[in-house]
Amino acid sequence: MKTILSSETMDIPDGVNIKVKAKMIEVEGPRGKLIRNFKHLNLDFHLIKDEETGKRKLRIEAWFGSRKTSAAIRTALSHVENLITGVTKGYRYKMRFVYAHFPINASITNGNKSIEIRNFLGEKKVRKVGMLEGVSIVRSEKVKDEIVLDGNDIELVSRSAALINQKCHVKNKDIRKFLDGIYVSEKGRIAEEE
């Protein structure tokens with residue numbers, strides 16, 4: 001069954017500027033600017049002003065949409081909320097080194113843009129992982145064997161963490177016993193911690 005019109009709105013916080021042009025959403029805030037492409041979704045994006053409060057809002061609507069199209073509205077809103085959080089608070093992922101015997105040795109190179117992992121399971125191989133654009137990586141000062149990934153775009157930060165995690169997979173061993181690796185221990189925002 002098709003719904004004639006399904007729509008949802010969200011408030012735009014102060015200090016954040018949003019531009020909509022041909023399903024390209026551009027969000028600008030104190031931490032920078034993020035752009036996201038929604039051309040693959042069959043939705044309409046409108047910037048509106050609330051008559052009573054005078055606040056700016058973003059409205060997403062789908063005309064004659066199926067259940068899948070109507071579900072995509074909420075998804076698109078969540079993506080925009082993530083963009084707004086990114087340009088206001090930023091995203092921070094923490095990763096911990098886990099090892100039973102051979103201590104994992106990691107050095108951050110290329111001006112906080114890449115990491116080199118050595119001595120994983122005692123292997124001589126040097127594993128190099130470059131961070132995605134706009135993501136920086138630092139060693140945690142307070143906690144031993146911890147690295148911190150910071151960035152504005154949640155997708156790039158989480159994908160960078162995934163790249164590091166995937167580089168340290170144990171091959172040809174029982175993974176229930178060999179739990180060595182680098183794992184995400186905490187996901188949060190930059191602004192809340194500082």
Side-chain angles (χ1 to χ4, degrees), residues 13 15-16 25-38 40 72 74-194:
V16 174
I25 308 275
E26 190 179 298
V27 182
E28 204 165 345
R31 289 184 57 84
K33 184 166 82 171
L34 290 174
I35 299 170
R36 191 165 175 130
N37 185 346
F38 288 103
H40 61 287
R74 182 71 225 150
T75 307
L77 270 184
S78 300
H79 283 318
V80 176
E81 275 171 16
N82 284 342
L83 296 179
I84 290 171
T85 309
V87 295
T88 51
K89 296 176 180 165
Y91 285 99
R92 171 169 287 173
Y93 275 45
K94 292 182 179 175
M95 303 186 80
R96 295 291 296 269
F97 302 164
V98 176
Y99 50 84
H101 188 273
F102 294 102
I104 297 173
N105 187 330
S107 52
I108 287 153
T109 55
N110 201 2
N112 292 356
K113 289 284 171 224
S114 63
I115 182 170
E116 289 182 0
I117 301 152
R118 290 184 174 80
N119 200 31
F120 175 69
L121 287 181
E123 294 173 11
K124 291 277 179 274
K125 183 184 173 192
V126 178
R127 292 165 163 79
K128 294 189 179 87
V129 186
M131 295 295 101
L132 298 167
E133 194 182 341
V135 181
S136 68
I137 180 168
V138 289
R139 297 265 330 215
S140 174
E141 285 107 39
K142 297 172 187 165
V143 185
K144 181 177 172 275
D145 291 337
E146 185 177 69
I147 51 175
V148 179
L149 283 76
D150 287 345
N152 291 352
D153 192 333
I154 189 171
E155 299 219 346
L156 296 179
V157 175
S158 55
R159 270 172 55 206
S160 299
L163 289 172
I164 295 172
N165 177 268
Q166 286 170 353
K167 266 286 197 252
C168 296
H169 275 328
V170 180
K171 303 267 168 63
N172 306 327
K173 305 239 181 347
D174 183 356
I175 56 168
R176 296 169 299 180
K177 181 75 179 158
F178 290 83
L179 299 169
D180 295 32
I182 303 178
Y183 299 100
V184 174
S185 62
E186 197 181 315
K187 303 173 185 179
R189 318 265 159 77
I190 300 172
E192 286 166 7
E193 292 190 12
E194 286 165 0

Below 4.5 Å, heavy atoms only, C-beta onward: do [X] and [Y] meet side chain to side chain?
X      : Y      : value
Lys33  : Asn152 : no
Leu132 : Asp153 : no
Tyr91  : Asn82  : yes
Ile182 : Phe120 : no
Ser140 : Lys94  : no
Val129 : Ile137 : no
Ile154 : Thr85  : no
Thr109 : Lys113 : no

Salt-bridge contact [X]-[Y] (side-chain N to carboxylate O under 4.0 Å):
X      : Y      : answer
Glu116 : Lys167 : no
Asp145 : Arg96  : no
Lys171 : Glu123 : no

### Task
Tell me yes or no: between the side chains of Arg118 and Ser107, is some donor less than 3.5 Å from an acceptor?
yes

### Task
Report yes or no: do Tyr99 and Asn119 form a side-chain donor-acceptor pair below 3.5 Å?
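No.
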
### Message
Going by ring pair (Phe, Tyr, Trp, His ring centres under 6.0 Å), name the residues that satisfy it together with Phe97, two or more places apart in sequence or in a different chain.
### Response
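Not a single residue meets the ring pair (Phe, Tyr, Trp, His ring centres under 6.0 Å) criterion with Phe97.
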
### Task
Kindly write out the residues that satisfy salt bridge (Lys or Arg N to Asp or Glu O under 4.0 Å) with Lys187, not counting sequence neighbours, or none if the list is empty.
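Listed in chain order: nothing, the list is empty.
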
### Query
Are more than 12 heavy atoms from other residues, nucleotides or ligands located less than 6.0 Å from atom NE2 of His101?
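Atom NE2 in His101 is not crowded, with 12 or fewer foreign heavy atoms closer than 6.0 Å.
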
### Query
Should the heavy atoms of other residues, nucleotides or ligands under 6.0 Å from CG of Leu179 be counted, would the total exceed 12?
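Atom CG in Leu179 is crowded, with more than 12 foreign heavy atoms closer than 6.0 Å.
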
On a heavy-atom basis, which atom in [X] and which in [Y] lie closest, and how many Å separate them?
X      : Y      : value
Met131 : Val135 : CB-O, 3.5 Å
Arg31  : Thr88  : CD-O, 3.5 Å
Ser114 : Gly130 : CB-CA, 3.8 Å

